Amino acid sequence: MPSFHAAPSSEVTTTPQPEHTDARSGVPLRHRTIVLLGIDGAGKTTAATALVAGIRDTGIRAQLLRNPAGRRWMSRVAARFGTALPPTWANRLESVVRCVNVFVAHTRASVFPGTTVMDRHLACQLVLRSVRGLPRGRLLPWIMDRLPQPDAVILIDVPAEVAHARILARGEDSETMSYLVSAREAYLEIAAAKGWHVVDSSGIPENVAVDTLRAASHNA
Ligand SMILES: Cc1cn([C@H]2C[C@H](O)[C@@H](COP(=O)(O)OP(=O)(O)O)O2)c(=O)[nH]c1=O
């Protein structure tokens, strides 16, 4: 199981962070690094963008890191080289690149004087690998156990058929319904086990924005 909390406490180095308070509501915004997870089409990007805007509205600096495990130049290079490698090696190269990217993202979060919202995380890879029946490998769990723990993890949750319709509506290819159903179940199971916040995003984006900000403001 992917875990933000699996590392023995002796291995986790956390620095006490100053507490922010929402200037309007007085709600304490304790979290410095907030991770949003969920299946494709759930509304992560919409929620993450709204969350960053909501935090900034309170006068706190906030940055958004989208897909911190991918989308860097290294991922593109790895993808290009990967085609010339046997599948196992291409897979390993991709895992290494993802891990390096996430370390860079966490470093950026740790030096940023405010709140960092991560739209997706390495944890997604572990969840989705298990859904695809792929081996977890050793590197990803090892890295996960050593990453600084995010202050809050929020699962943006929607029924698979809603996500499927949204993906098709934006003109993209979608994973199969059965895959989306399994991935959602896996996320919900892990969220329950880890005590992650779950935000229902089957309604309108405005509701999700409010619920995500509220979840981010709660004690972890
Ligand atoms: C959050 C949210 C998004 N949406 C819509 C906006 C987008 O067109 C679509 C997908 O959102 P998006 O944020 O792109 O999803 P993800 O990053 O998880 O793939 O869903 C809603 O209709 N209601 C909501 O509550």
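Just so you know, ligand 1 is whichever comes first in the structure, and atom 1 is the first atom listed for that ligand. Given the structure is predicted, the values throughout are model-derived calculations rather than measurements.
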Hey, can you pull the donor-acceptor pairs under 3.5 Å for the side chains in residues 152-159, sequence neighbours left out?
{"from": "D157", "atom 1": "OD1", "to": "R184", "atom 2": "NE", "distance (Å)": "2.8"}
{"from": "D157", "atom 1": "OD2", "to": "R184", "atom 2": "NH2", "distance (Å)": "2.8"}

Please test R32 against D151 for salt bridge (charged side-chain N to carboxylate O under 4.0 Å, His left out), starting from the C-alpha separation and ending with a verdict.
CA-CA 6 Å; R32 301 268 297 176; D151 300 291; over 6 Å; no
At less than 3.5 Å, what protein N or O atoms come close to the N or O atoms of ligand 1? Include the distances to 0.1 Å.
{"from": "ligand 1", "atom 1": "11 (O)", "to": "T46", "atom 2": "OG1", "distance (Å)": "3.4"}
{"from": "ligand 1", "atom 1": "13 (O)", "to": "T45", "atom 2": "N", "distance (Å)": "3.2"}
{"from": "ligand 1", "atom 1": "13 (O)", "to": "T46", "atom 2": "N", "distance (Å)": "2.8"}
{"from": "ligand 1", "atom 1": "13 (O)", "to": "T46", "atom 2": "OG1", "distance (Å)": "2.5"}
{"from": "ligand 1", "atom 1": "14 (O)", "to": "R170", "atom 2": "NH1", "distance (Å)": "2.8"}
{"from": "ligand 1", "atom 1": "15 (O)", "to": "G43", "atom 2": "N", "distance (Å)": "3.1"}
{"from": "ligand 1", "atom 1": "17 (O)", "to": "T45", "atom 2": "N", "distance (Å)": "3.0"}
{"from": "ligand 1", "atom 1": "17 (O)", "to": "T45", "atom 2": "OG1", "distance (Å)": "2.6"}
{"from": "ligand 1", "atom 1": "18 (O)", "to": "A42", "atom 2": "N", "distance (Å)": "3.3"}
{"from": "ligand 1", "atom 1": "18 (O)", "to": "G43", "atom 2": "N", "distance (Å)": "2.9"}
{"from": "ligand 1", "atom 1": "18 (O)", "to": "K44", "atom 2": "N", "distance (Å)": "2.8"}
{"from": "ligand 1", "atom 1": "18 (O)", "to": "K44", "atom 2": "NZ", "distance (Å)": "2.8"}
{"from": "ligand 1", "atom 1": "19 (O)", "to": "G41", "atom 2": "N", "distance (Å)": "2.8"}
{"from": "ligand 1", "atom 1": "19 (O)", "to": "R170", "atom 2": "NH1", "distance (Å)": "3.2"}
{"from": "ligand 1", "atom 1": "19 (O)", "to": "R170", "atom 2": "NH2", "distance (Å)": "3.2"}
{"from": "ligand 1", "atom 1": "20 (O)", "to": "R166", "atom 2": "NE", "distance (Å)": "3.3"}
{"from": "ligand 1", "atom 1": "22 (O)", "to": "R166", "atom 2": "NH2", "distance (Å)": "3.4"}
{"from": "ligand 1", "atom 1": "23 (N)", "to": "R166", "atom 2": "NH2", "distance (Å)": "3.1"}
{"from": "ligand 1", "atom 1": "23 (N)", "to": "G203", "atom 2": "O", "distance (Å)": "2.9"}
{"from": "ligand 1", "atom 1": "25 (O)", "to": "S201", "atom 2": "O", "distance (Å)": "3.3"}
{"from": "ligand 1", "atom 1": "25 (O)", "to": "G203", "atom 2": "O", "distance (Å)": "3.3"}
{"from": "ligand 1", "atom 1": "25 (O)", "to": "I204", "atom 2": "O", "distance (Å)": "3.4"}
{"from": "ligand 1", "atom 1": "25 (O)", "to": "P205", "atom 2": "N", "distance (Å)": "3.4"}

Pair up each side-chain donor or acceptor in residues 203-210 with any protein partner under 3.5 Å, not counting sequence neighbours, and list the distances.
none

Determine whether the side chains of R129 and S95 contain a donor N or O and an acceptor N or O closer than 3.5 Å.
yes
Taking only residues two or more places apart in sequence, or in another chain, which ones meet S202 in a side-chain hydrogen bond (donor to acceptor under 3.5 Å, both in side chains)?
D200
What pair of heavy atoms forms the shortest contact from A183 to V127, and how long is it?
O-CG1, 4.5 Å
